[in-house]
There are 2 protein chains.
Amino acid sequence: MPADDRRRRRATIHDVAAEAGLSHGTVSRVLNSERYVSATAQAAVEAAIAKVGYVRNTAARNLKTQQSHAIGLVVHEPHSLFLEDPNIGAILLGTNEILSNADYQLVSLVIDSDRDSARVAEYLRGGFVDGVIIVSARSGDPIAHAVASIGIPAVFVGHPPDISGVPFVGIDNVSAAASITSRLIETGRRRIGMIASALDRDSGQDRLSGFRQALGARFDSSLVVEFPLYSYDSGLEGMRELLTRDPTIDGVFAASDAIGAGALDALRAAGRSVPGDVGVVGFDDSAWAMRCQPPLSTVRQPADELGRMAARSVLAQLKGEPDVPEAMFLETSIVWRDSA
Amino acid sequence: MPADDRRRRRATIHDVAAEAGLSHGTVSRVLNSERYVSATAQAAVEAAIAKVGYVRNTAARNLKTQQSHAIGLVVHEPHSLFLEDPNIGAILLGTNEILSNADYQLVSLVIDSDRDSARVAEYLRGGFVDGVIIVSARSGDPIAHAVASIGIPAVFVGHPPDISGVPFVGIDNVSAAASITSRLIETGRRRIGMIASALDRDSGQDRLSGFRQALGARFDSSLVVEFPLYSYDSGLEGMRELLTRDPTIDGVFAASDAIGAGALDALRAAGRSVPGDVGVVGFDDSAWAMRCQPPLSTVRQPADELGRMAARSVLAQLKGEPDVPEAMFLETSIVWRDSA
DNA sequence: GCACGATCTGGGAACGATCCCACACACCGG
DNA sequence: CCGGTGTGTGGGATCGTTCCCAGATCGTGC
């Protein structure tokens, strides 16, 4: 397997110019579709490009223009959740769609440890990317602070509680949580608990707030358990805990579908029927929700559209558009299935 | 949100040289840890770098060295499966781990349509990446052929049936499939069917071959149904079809866990018990397998290690190492749960 | 004391684009 | 016929590195 001279010298703008019988300046003008190019020159250059098989050298372009034409997507999530969280994939695809249409390359950066965190901060500072989109930052997140201090165009997907001045896109977690909790109330549940999670992020905090708000005076803090991760295991353990705290519990709001799935399995193991004995609702409308037994009622959030919005916002900042909104909220809806 | 002069001029190698009282040539030598640099010069340069906050300009470096220091990861998969396939995420993380240690940037490219396919081929040809890793290519895949013809260092994860001369990493799907099928035979199943899928890839073909091989003379082609996608829906529909073809069916090999999950739900809907009436086995050991009712017995494949191996192979090719093996197989194991 | 190699350093020439200035020409109105 | 404006084109300077060549210095062996 020789890695030697397989790739021969690539054609440059000068080769194109020579082929077309024009100067490299004119070729550059055609490439960047600037004004003041005659139709004949345009045609000649295009023919020459096709003939010599020219493709633009990005490194040279980037060097001269002092841009990278790349946007970073920073995902701060343990590996295990990165693999399972369906929202992240959808955000990634949505972002990629917008950016590639705008001729920007998406570069994904996964942070799984503090070491990664420092390396990524360095990377962002190094001019490798023209802008950055940050997914699932927590409060006190070093990356979030680094970004805010570098002054690079940035957007958060979800809003870290302790940063301001950086635009973000998100959903209204408070009202979404309140509205799905109401469902439990309306269907006659009396003892309603919550398995909360990720309280170091806005999503976690806000879902708890919404839950509390919907219950009003009936809110009972002893029926709330908290876990760091939006995971199946949190749901399993959380539900067990809630059952011991109050065996008469008849409604549960799980802060994510994964948690909901865990709760469902814990309830089954404890011999409770759903929705007969206990009503359960989740959050995300991920693949989990549909596959549970019984299928989970949940909040659907438009993750792909969040990704698109974030991408559009960075591009707008890059173009220097004057009024890039700092807060952008997208609508959620509720999907009713069988679990409540 | 002004995008104006927030990022002031970055320090260059010349600024460092001036600060250290040395020439830019010497600074470059330190940066690339070449020979013939005195200890004092080394120290002076390092101090100067820290003082002026220098970070290397990659565009300039890439321009001069004619490299991009980036590796492409091409995933050829419909969006829906990209989100759900746990192997892809694990491959991505494994790859990223090795590459970032070697100071290479991973660039993910998702192909969801023929249009994408052409654009990505163009991208690879454009010198944006020094090498490429291709996941889940099918036979007749234009990207696979493009890569083979460009002559760029490349590795396949899984082997497209109609390409040769390009290294690949993979698992032995034939023997893994044979061995899990044997389990069904050993536990006394008599009428064993398969829901096959993705026959345009080596994984799909080989799992079918392994199944056939394990059954030997008892193989009955009427008990094999085929679907293009490794999806839950394929499992649902496939199981229904198998039940109509032969209601006495008592064993099923699903070509993936997602298919297995679908099959399980179809069996439940048809009133069959698992593993009582029918034994079911899957492939992948994904999150699906654990969450099914009952949990699925399945083949575990080391997806993260596949990603690492692929990355190592591209790096080896890049370094011009002489004997990069063309075929690399990793061991699989079988996880016994309750479904068979 | 001198030739010679090894070590270290300085500085110029690329790499391949973009950007800008200078110039050529056409057209128009007064 | 002349100045001015709008088009179109050529070619030089430049971005920040790496690479290479030339030269300086220092030992070391004869």
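Hydrogens, waters and symmetry mates are skipped; everything else that's a heavy atom, side chains included, is used.
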Under 4.0 Å, counting only non-hydrogen atoms across every strand here, what does B/N62 touch: a base, just sugar-phosphate, or nothing? nothing
Rounded to whole Å, CD1 of B/I13 lies from C1' of D/dC19 at a distance of 12 Å
* Base, sugar-phosphate, or nothing: which does A/A59 touch, judged by heavy atoms less than 4.0 Å apart? -> nothing
A/E34 atom CD is separated from D/dT7 atom P, nearest whole Å, by 15 Å
Nearest-nucleotide check on DNA chain C, B/R29 vs B/A60; residue mapping nearer the 5' end is B/R29
Is there a donor-acceptor contact under 3.5 Å linking the side chains of A/Q42 and A/E46?
yes
Residues at least two apart in sequence or cross-chain that pass side chain to side chain contact (heavy atoms under 4.5 Å, CB included) with B/D200, listed by chain then number, are B/R138, B/S139, B/A198
| Under 4.0 Å: is that the gap between some side-chain N or O of B/T12 and OP1 or OP2 of D/dG16? | no
### Task
Using a 4.0 Å heavy-atom cut-off across all strands, classify B/S28 as base, sugar-phosphate, or nothing.
base
Here the distance between atom P of D/dG16 and atom CG of B/L31, to the nearest Å, is 15 Å
One would report the end-axis bend of the helix from C/dG1-D/dC30 to C/dG30-D/dC1, five pairs per end and rounded to 10 degrees, as 50°
Identify the pairs formed between an N or O of the protein and an N or O of nucleotides 12-14 of chain D at a distance under 3.5 Å, and give each distance.
residue: D/dG12; atom: O6; partner: A/H24; partner atom: NE2; Å: 2.6
residue: D/dT14; atom: O2; partner: A/K64; partner atom: NZ; Å: 3.1

message: With a cut-off of less than 4.0 Å, is there a side-chain N or O of B/N57 near OP1 or OP2 of D/dC15?
response: no
Considering only NZ, NE, NH1 and NH2 on the basic side and carboxylate oxygens on the acidic side, decide whether A/E305 and A/R312 come within less than 4.0 Å. yes
In whole angstroms, the gap separating P of D/dA24 from OH of B/Y36 amounts to 19 Å
Between B/H14 and A/A39, the residue closer to the 5' end of DNA chain D by nearest nucleotide is A/A39
*Could you verify whether a donor N or O on one side chain and an acceptor N or O on the other, from B/D141 and B/H76, lie under 3.5 Å apart?*
yes
Applying salt bridge (charged side-chain N to carboxylate O under 4.0 Å, His left out) to A/E326 and not counting sequence neighbours gives none
Here the distance between atom C1' of D/dT9 and atom CD of A/Q42, to the nearest Å, is 14 Å
Task: Contact check, side chains of A/L330 and A/M309, non-hydrogen atoms, under 4.5 Å - done: yes
*Hey, are A/S68 and A/D130 close enough side-chain-wise for a donor-acceptor pair under 3.5 Å?*
yes
**Report entry** Presence of salt bridge, A/E34 and A/R29, under 4.0 angstrom
**Finding:** no
The first and last nucleotides of DNA chain C lying within contact of chain A, meaning any atom under 4.0 Å from one of its heavy atoms, run from C/dG16 to C/dC20
B/N101, CG atom: more than 12 neighbouring heavy atoms under 6.0 Å
yes
Would a 4.5 Å heavy-atom cut-off, applied to side chains only, mark B/L99 and B/L315 as touching?
yes
Review point. Does a donor on one side chain and an acceptor on the other come within less than 3.5 Å for A/R56 and A/N32?
Key: yes
A/Q67 atom CD is separated from D/dC15 atom C1', nearest whole Å, by 13 Å
Residue pairs meeting ring pair (Phe, Tyr, Trp, His ring centres under 6.0 Å), one or both in residues 19-67 of chain B, sequence neighbours left out, come to B/H14-B/H24
